[in-house]
Amino acid sequence: MIGTTSAQASKNPVPAVPGSGVPRRLNRWERFKKNKRAFVCLWLFGILFVLSLFAECIVNDKPILVRFNGKFYVPLFHDYSELIFGGEFDIYTDYRDPYIKERIEAKGWMLKPPIGFSYDTINYNLPSPAPSPPTWENLFGTDDRGRDVAARVIYGFRISVLFGLSLTIFSSIIGICLGALQGYYGGRFDIIFQRFMEVWSGMPTLFMLIILSSVVEPNFWWLLGITLLFSWMSLVGVVRAEFLRARNFEYVLAARAMGMRHSRIMFVHILPNAMTSALSYLPFILGGSITTLTSLDFLGFGLPVGSPSLGELLAQGKANLHAPWLGIASFVILGLTLSLLVFIGEGVRDAFDPRRNP
């Protein structure tokens, strides 16, 4: 009977609460879903992010599909010469040109995106000098170069979230690995690394980012690498504390006595328990990463000139106080994004809190 009980226990997952048949991970997901605000914010943020991934189909100066002379063309994936559509020059087709529109509509049709501007499209038919106030054609107005603000906000949101996700993933991997090594081995290695982190964290991060960004012409990956130099420390302390606590547990000591590899003990047996605390920090790290990119763009040390950026729009709003739609549009989308991430983070934190009842 004792052997049967042990076999059954090895096959069944460990319940979250004594006497409960609900696995721990499902129990946490159910607790997260009970937080209606966090759950709704997660869905809203996910919908906005997925829509931004397909921004070319929603906000673009090129049609999604063109039928001309019985043939189909996909301008989203290929640049066509205007000679194909009856134009006079062997150049890339400008689908906003009234002459080209007339030629295409005479022998076919165009399926256009809801917003007919890309982030770098200049509207030369503005009712007033740029920056132009909102109209039916430009719902959020235009910036100081005549570019559609709605298009730049959507593309800027996508770049900001992708940058934040990339930075969060890479910095979490580095921070978790270093924190695990520091907490597991302890001793002299722990002391030396702690002193290094104290020195490194005391450096003026934003000032160093500005200096490094001004040395070379920054792009997405270069900015990501520079920012990663200072952002990997977010999870080191949390993971280190969990490993310091778990390194002397009985199952860890038994695994060492059996000759199990240190890497297996660290990343198979201890790390899953340490991730409970680390996961609750991820939404807040993502929000901080988005804020870092916005700050650099606002100061002029971020993405290359002309790139869609929420920080660049904020800078334009500061420079053009007579055009409040510039600052309002970027502030609303940035505030909404950070608020959603904060509420999601609170929900994740409460779901992983062992002191709360399921």
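On a predicted model such as this, the values are computed, not experimentally measured, just so you know. Index from 1, following the sequence.
In the hydrophobic clustering of this structure, Leu296 groups with Trp221; members are Ile, Leu, Val, Met, Phe, Trp, Tyr whose side-chain heavy atoms approach within less than 4.5 Å, directly or through other members. Put simply, Leu53 and Phe157 are part of the same group of oily side chains (I, L, V, M, F, W, Y) that touch within less than 4.5 Å, one to the next. Tracing side-chain contacts under 4.5 Å through hydrophobic residues (I, L, V, M, F, W, Y), one never reaches Ile344 starting from Leu51; they form parts of separate clusters.
Glu312 has no carboxylate O lying under 4.0 Å from a charged side-chain N of Arg145, or vice versa, which leaves the two without a salt bridge. Under the 4.0 Å criterion applied to side-chain N and carboxylate O atoms, Glu88 and Arg103 are not assigned as salt-bridge partners. Using a 4.0 Å cut-off between charged side-chain N and carboxylate O, Lys62 and Asp79 make a salt bridge.
At a threshold of 4.5 Å between non-hydrogen side-chain atoms, the residues Thr135 and Pro127 count as touching. Proximity of Ile285 to Leu235: side-chain heavy atoms (C-beta onward) are separated by under 4.5 Å at one or more points. Looking only at side-chain heavy atoms (C-beta outward), Thr227 and Ser289 stay at 4.5 Å or farther from each other. Asp94 places none of its side-chain heavy atoms less than 4.5 Å from the side chain of Asp61. Pro113 has its side chain within reach of Ile64: a pair of non-hydrogen atoms, C-beta onward, lies under 4.5 Å apart. Put simply, the side chain of Leu334 does not reach to within 4.5 Å of the side chain of Ser330, judged on heavy atoms. Residues Leu111 and Arg67 fail the side-chain proximity criterion, which asks for heavy atoms closer than 4.5 Å. Residues Ser132 and Asn138 form no side-chain contact, since every pair of their non-hydrogen atoms from C-beta on lies 4.5 Å or further apart.
Between Trp232 and Phe170, the gap from one ring centroid to the other reaches at least 6.0 Å.
The environment of CZ in Arg188 is sparse: at most 12 heavy-atom neighbours from other residues, nucleotides or ligands sit within 6.0 Å. Heavy atoms from other residues, nucleotides or ligands lying under 6.0 Å from CZ of Phe249 number more than 12. Applying the 6.0 Å contact sphere to CZ of Phe49 captures more than 12 heavy atoms from other residues, nucleotides or ligands. Taking a 6.0 Å sphere around OH of Tyr281, one finds it holds 12 or fewer heavy atoms contributed by other residues, nucleotides or ligands. The 12-atom threshold is not exceeded at CZ of Phe89, counting heavy atoms of other residues, nucleotides or ligands nearer than 6.0 Å. Atom OH of Tyr92 is surrounded by 12 or fewer heavy atoms from other residues, nucleotides or ligands within 6.0 Å. Shown here is Trp43, whose CH2 atom has no more than 12 heavy atoms of other residues, nucleotides or ligands within 6.0 Å. For Glu198, the CD atom counts as densely surrounded, since its 6.0 Å shell holds more than 12 non-hydrogen atoms of other residues, nucleotides or ligands.
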Applying salt bridge (Lys or Arg N to Asp or Glu O under 4.0 Å), run through Asp350 and Lys34 and close with a yes or a no.
CA-CA 10 Å; Asp350 294 342; Lys34 288 181 180 179; over 6 Å; no
Stepwise, does the side chain to side chain contact (heavy atoms under 4.5 Å, CB included) test hold for Glu82 with Tyr95?
CA-CA 9 Å; Glu82 71 173 34; Tyr95 298 94; over 6 Å; no
One pair to check against side chain to side chain contact (heavy atoms under 4.5 Å, CB included): Trp109 and Leu65. What are the steps and the verdict?
CA-CA 9 Å; Trp109 46 265; Leu65 186 66; 3.9 Å; yes
As a quick check of understanding, evaluate side chain to side chain contact (heavy atoms under 4.5 Å, CB included) for Phe140 and Arg152, giving each step before the final call.
CA-CA 10 Å; Phe140 291 175; Arg152 295 188 66 79; over 6 Å; no
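Under the 3.5 Å distance criterion, the side-chain polar atoms of Asp148 are matched with a main-chain donor or acceptor of Ala151.
Cation-pi contact between Arg256 and Tyr184: present, with separation from the ring centre below 6.0 Å and deviation from the ring axis of at most 45°.
Ring pair His78/Tyr80 is tilted by interplanar angle, where 30° to 60° counts as tilted. Note on ring orientation: taking the six-membered ring where Trp is involved, the planes of Phe193 and Phe196 are tilted (angle from 30° to 60°).
Gln182 pairs with exactly one of Ile191, Ile192, Val239, Val236 by the side-chain contact (heavy atoms from CB on, under 4.5 Å) rule, that one being Val236.
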